[in-house]
Amino acid sequence: MSEDTINSGKTNEGGELITLNGMYKEYFLDYASYVILERAVPDIDDGLKPVQRRILHAMKEMDDGRYHKVANIIGQTMQYHPHGDAAIGDALVNLGQKDLLIDCQGNWGDVRTGDSAAAPRYIEARLTKFALEVLFNPQTTEWQLTYDGRKKEPVTLPVKFPLVLSQGVEGIAVGLSTKILPHNFIELLQASIKILQNKKFTLYPDFFTGGMIDVSDYQDGHRGGKVKIRAKIQQVDKNILNIVELPYGVTTNSLIESILKANDKGQIKIKKVSDNTAKDVEIQLELMPGVSPDVTIDALYAFTDCEVSYSPNACVIVDNKPHFLSVSEILNISTMQTKELLRRELEIKKGELEEKWHHASLEKIFIEERIYRDIEECESFEEVITTIDEGLRKYVATPSDPLKHGDNRLLLMRDITEDDIIKLTEIKIKRISKYNKFKADEIMTQLLAELEQVKYDLEHLTEFAIAYFERLLEKYGKGRERKTEITSFDTIEIKEVVANNAKLYVNREEGFIGMGMKKDEFICDCSDIADIIAFTKDGTFKVVRIDDKVFVGKNIIHAAVWLKSDDRTTYNLIYLDGKSGKSFAKRFNVTAITRDKEYDLTQGTKGSKLLYFTSNPNGESEIVNIQLTQSSSAKKKSFEFDFADLAIKGRNAQGNTVTKYPIRKITQVSVGKSSLGAMKIYMDEVSGKLNQDERGKYLGDFDTGSKLLTVYKDGAYEVNDLDLTKKYDVNNIVEIGNFDDNSVISAVYYEGEKGWTMVKRFKIETSTQDQKFVFLPETPGTKLYFATLQPQPMVKCTYKVGKVKEEKEVFLSEFIDIKGWKALGNKLIDGKLTDVELVKIADAVERTEESSLTDSNHPIDTKAMASESTHSEPRPETDQKHDPQPPTSDIDKTKPGYKPGDTIEFDF
């Protein structure tokens with residue numbers, strides 16, 4: 001299109017030329033403004049979009065207390081809304097599903113499952129009592145003509161509640177969008193009260209679907225903030241997970257679809273998905289055998305719609321312009337507007353009461369003073385008006401005719417008008433004849449009392465507004481408690497939770513690695529997004545993203561999955577420098593790289609090569625035996641070299657000289673402890689995850705080979721290798737800590753069959769790991785009171801003898817010796833304990849010292865207690881066992897491929 005064509009146009013009434021450029025610019029701005037103001041963005045005054053406002057106004061016009069067909073409501077709304085019935089119907093259903101303003105009857109769909117509502121002719125609706133009380137007041141409403149000029153509609157509704165924050169809103173306009181998340185009904189009212197009290201408050205989103213939310217980056221709903229929302233997942237057993245609450249905006253259908261998609265990609269391993277949703281949400285996931293439920297839960301959050309994030313963008317119309325505000329600012333504006341509306345309502349009520357009292361006063365004087373008799377001789381209506389006016393002024397005073405000293409007239413609140421007198425002439429004779437002076441005085445007294453109350457409320461408007469919000473809270477707050485749990489989410493490293501859906505293979509000679517090389521050597525299971533590190537014999541290494549087949553360099557000596565920022569995996573190597581002929585040793589980590597870049601671990605000279613290499617996941621050192629060639633001039637042709645003498649440095653370090661003579665063979669002698677030191681391990685007491693960030697309960701220092709001992713509430717213990725990806729159920733754990741061969745479990749429990757409280761102490765005698773062993777008798781009613789790994793624990797036991805509360809402090813290590821893990825133990829008391837708690841070690845030592853200084857303290861003879869406990873009953877011995885020998889396991893836990901401690905030999 002030519003420039004002349006673009007600039008051509010038509011002329012307006014003034015004869016000015018309007019170009020196409022100008023027309024497009026004006027039309028676009030007009031359209032954008034219309035969409036922003038009339039379609040997509042809510043108004044700050046009532047928190048409603050135009051279509052929502054018109055629906056509610058139409059329903060108020062139709063309101064008679066009964067349900068109306070939705071099809072009829074849509075038709076009535078079309079008198080005010082210049083768009084199709086589908087848009088109105090969708091908006092009406094959306095309002096109804098929020099369960100605040102519209103009382104629904106029939107099938108209105110389900111926001112949890114995504115099911116749509118029935119046809120409008122089949123469902124019905126009416127306004128809720130809350131909507132009728134909070135939304136409407138014709139006296140404080142500003143009106144305008146509808147789009148066709150036939151009727152009037154409200155510019156905004158006089159809403160006395162932060163509706164836009166309660167319901168939430170989402171809209172897309174031209175050039176901008178709005179997204180305000182819904183907040184809790186009760187918390188909004190409480191926050192409005194705090195605003196009026198000049199107190200601080202915080203507001204966070206709350207969703208009808210429940211779930212969990214991380215609000216650490218909410219930023220008060222400002223643009224740029226972000227919230228993460230998760231489904232609530234329950235672990236039924238080791239093979240079953242139940243999703244019982246959904247994230248906001250996610251339906252059961254879309255969630256299941258995302259789970260199946262992740263399963264197809266191999267990111268999670270699910271055997272079966274069942275949707276059992278009825279009254280409550282329940283999506284049941286059956287896991288594949290051997291799959292960790294904890295890792296699967298993290299993977300669900302990482303790869304499916306079990307976790308979603310929203311970025312709030314609170315845009316509202318203020319004075320016919322879009323503004324971006326925070327949640328606190330919106331609530332402040334809403335609260336102050338509510339206060340102003342209440343003031344206006346009080347002013348209106350005050351005027352109405354004054355008018356009622358004014359007319360009641362005139363009527364009282366008109367009848368009691370028999371002024372109506374003075375008009376009998378009047379010949380015209382004008383003369384009647386004059387006669388009544390003169391008669392009234394004998395008994396009343398007005399602002400224009402004030403009271404004088406000694407004047408007994410009744411002071412009116414305003415002047416008498418002709419309309420007032422006309423109303424008196426319209427009083428029927430029947431009413432005059434039945435006039436009751438006492439009842440009239442009572443009504444006037446009541447009017448004056450109401451008027452005084454209104455004046456008092458106006459003078460104390462803030463307190464009146466607070467009382468208004470408190471009344472709403474009491475009247476409508478029941479059942480609207482917070483449904484979404486506020487918590488903080490751990491960052492899920494995708495590479496740590498992604499299922500091993502691929503296998504890593506290597507062709508060492510040709511220099512290829514990949515997951516499609518099934519005929520070559522298998523290394524390990526991995527994910528299809530893993531990074532692979534590969535070392536070659538010439539002293540170079542490279543990190544690549546896994547694929548079907550990737551070339552990394554010929555003569556591969558080691559390949560494995562590489563994790564970024566892994567500062568514990570340490571590589572020990574000895575290499576020959578091709579230029580000097582010397583051999584050097586060094587230790588290093590690979591924590592950061594550029595993917596696909598080749599790195600040289602030698603000095604880069606021709607003929608350099610690796611002589612020895614090991615990978616150590618926890619920084620283990622090692623001792624190697626080095627044998628020199630027989631032809632070398634060295635006096636000592638065989639010696640040992642300890643890698644523990646080397647510091648861990650960068651990968652570019654030259655290393656320390658091992659020997660200047662040619663090396664024939666290097667053999668590993670032994671693997672040492674970690675030279676990085678033991679890891680300090682903590683357990684987050686909220687999430688149950690292990691960490692090194694000093695978050696939660698300290699479990700101990702864990703070195704190479706260290707294991708974790710867990711004691712459960714059901715009376716079982718379990719020994720596991722340390723696994724930082726494992727998540728523990730903190731609600732089911734009695735004790736957890738570092739395990740060694742001398743670890744002793746001290747337990748206090750109730751034996752259900754005999755009705756005794758027992759004490760037992762035992763060492764771990766089972767050798768099988770990752771298997772629970774029950775150390776309590778499997779008799780009905782048996783339960784564990786207390787367990788600890790402390791070597792010499794003292795406990796305070798509380799129990800009842802009749803109705804008397806008794807306490808007893810017991811050194812468990814003196815009360816009973818260490819016995820077998822199947823032994824019943826020694827009886828402490830007959831019956832049950834009401835409480836048992838561990839006495840702090842310092843307190844126990846202090847009490848022991850005090851008891852040894854004086855006889856008046858009556859120190860506890862725990863040996864005697866143990867003896868007395870078996871006086872009337874035979875004492876249980878260690879050979880009284882209650883469980884068959886646990887099965888042993890012959891499972892070989894070694895993995896194919898290179899393992900720490902293996903020696904890699906080279907041909908020299």
Side-chain angles (χ1 to χ4, degrees), residues 60 63 65 129 132-143 154 158 160 338-375 381 384-403 407-465 467-468 471:
K60 174 61 177 173
D63 182 56
K129 292 180 179 179
L132 292 170
E133 180 173 344
V134 169
L135 300 189
F136 306 102
N137 188 338
Q139 295 172 305
T140 56
T141 302
E142 182 182 353
W143 301 90
K160 302 185 289 296
T338 298
K339 183 179 176 181
E340 172 60 21
L341 287 170
L342 292 172
R343 186 196 64 78
R344 290 170 60 186
E345 289 181 356
L346 287 172
E347 291 285 1
I348 293 170
K349 186 176 180 181
K350 175 173 171 283
E352 291 173 346
L353 289 172
E354 288 175 346
E355 283 296 304
K356 287 181 180 179
W357 183 85
H358 179 80
H359 289 297
S361 299
L362 293 179
E363 184 179 291
K364 175 181 172 66
I365 294 169
F366 180 74
I367 296 174
E368 290 184 3
E369 301 301 332
R370 302 179 184 275
I371 296 175
Y372 57 86
R373 287 185 174 182
D374 297 340
I375 64 175
F381 189 70
V384 170
I385 298 297
T386 304
T387 302
I388 294 174
D389 186 39
E390 291 174 353
L392 290 173
R393 292 188 184 277
K394 295 176 184 179
Y395 304 100
V396 299
T398 62
S400 61
D401 181 20
L403 290 171
D407 198 343
N408 294 324
R409 292 181 297 167
L410 176 65
L411 179 62
L412 298 179
M413 297 177 185
R414 64 171 177 83
D415 288 333
I416 301 172
T417 64
E418 186 175 335
D419 289 337
D420 296 335
I421 298 173
I422 292 174
K423 285 184 179 180
L424 293 176
T425 64
E426 295 172 351
I427 298 175
K428 295 181 179 180
I429 296 297
K430 184 178 180 181
R431 186 175 171 191
I432 294 175
S433 64
K434 291 185 177 182
Y435 182 76
N436 188 326
K437 179 180 184 300
F438 297 104
K439 187 175 181 180
D441 290 341
E442 185 180 337
I443 292 173
M444 290 182 65
T445 302
Q446 184 180 349
L447 290 172
L448 286 174
E450 291 182 17
L451 189 56
E452 288 301 316
Q453 181 63 48
V454 170
K455 290 179 179 178
Y456 177 85
D457 292 338
L458 282 168
E459 291 172 0
H460 302 83
L461 188 58
T462 299
E463 290 81 356
F464 180 77
Y468 168 79
R471 189 167 64 254

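Basis for what follows: all heavy atoms, side chains included, without hydrogens, waters or symmetry-related copies. Note that the numbering runs from 1 along the sequence shown for the chain.
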Taking the side chain as every heavy atom from C-beta outward, state whether [X] and [Y] have any atom pair closer than 4.5 Å.
X	Y	value
Lys356	Glu450	no
Phe366	Ile421	no
Asp389	Thr386	no
Val454	Leu458	yes
Asp457	Lys349	no
Leu392	Leu424	yes
Val396	Ser361	no
Lys364	Tyr435	yes

Report the C-alpha distance between Glu340 and Arg344 in whole Å, list the side-chain angles of each, state the deciding distance to 0.1 Å, and finish with yes or no for side chain to side chain contact (heavy atoms under 4.5 Å, CB included). CA-CA 6 Å; Glu340 172 60 21; Arg344 290 170 60 186; 3.6 Å; yes
Closest contact, heavy atoms only, [X] versus [Y]:
X	Y	answer
Ile385	Glu418	CG2-CG, 4.3 Å
Thr140	Pro158	OG1-CB, 3.5 Å
Leu411	Trp357	O-CH2, 3.4 Å
Glu133	Lys160	O-NZ, 3.7 Å
Leu362	Ile416	CD2-CD1, 4.0 Å
Leu342	Ala465	CD1-CA, 3.8 Å

At what distance, to the nearest 0.5 angstrom, does [atom1] of [X] lie from [atom2] of [Y]?
X	Y	atom1	atom2	value
Lys434	Ile367	NZ	CD1	13.5 Å
Lys455	Gln453	NZ	CD	12.5 Å
Thr425	Phe381	OG1	CZ	4.5 Å
Glu369	Tyr395	CD	OH	4.0 Å
Asp420	Arg414	CG	CZ	4.0 Å
Arg343	Ile348	CZ	CD1	9.5 Å

Could you tell me whether Glu354 and Lys350 have a side-chain N and a carboxylate O separated by less than 4.0 Å? yes
Which is it for Leu461 and Leu346 under the side chain to side chain contact (heavy atoms under 4.5 Å, CB included) test, yes or no, and what are the steps along the way? CA-CA 9 Å; Leu461 188 58; Leu346 287 172; 3.9 Å; yes
Does the side chain to side chain contact (heavy atoms under 4.5 Å, CB included) test come out yes or no for Met413 and Leu451, once each step is laid out? CA-CA 12 Å; Met413 297 177 185; Leu451 189 56; 3.3 Å; yes
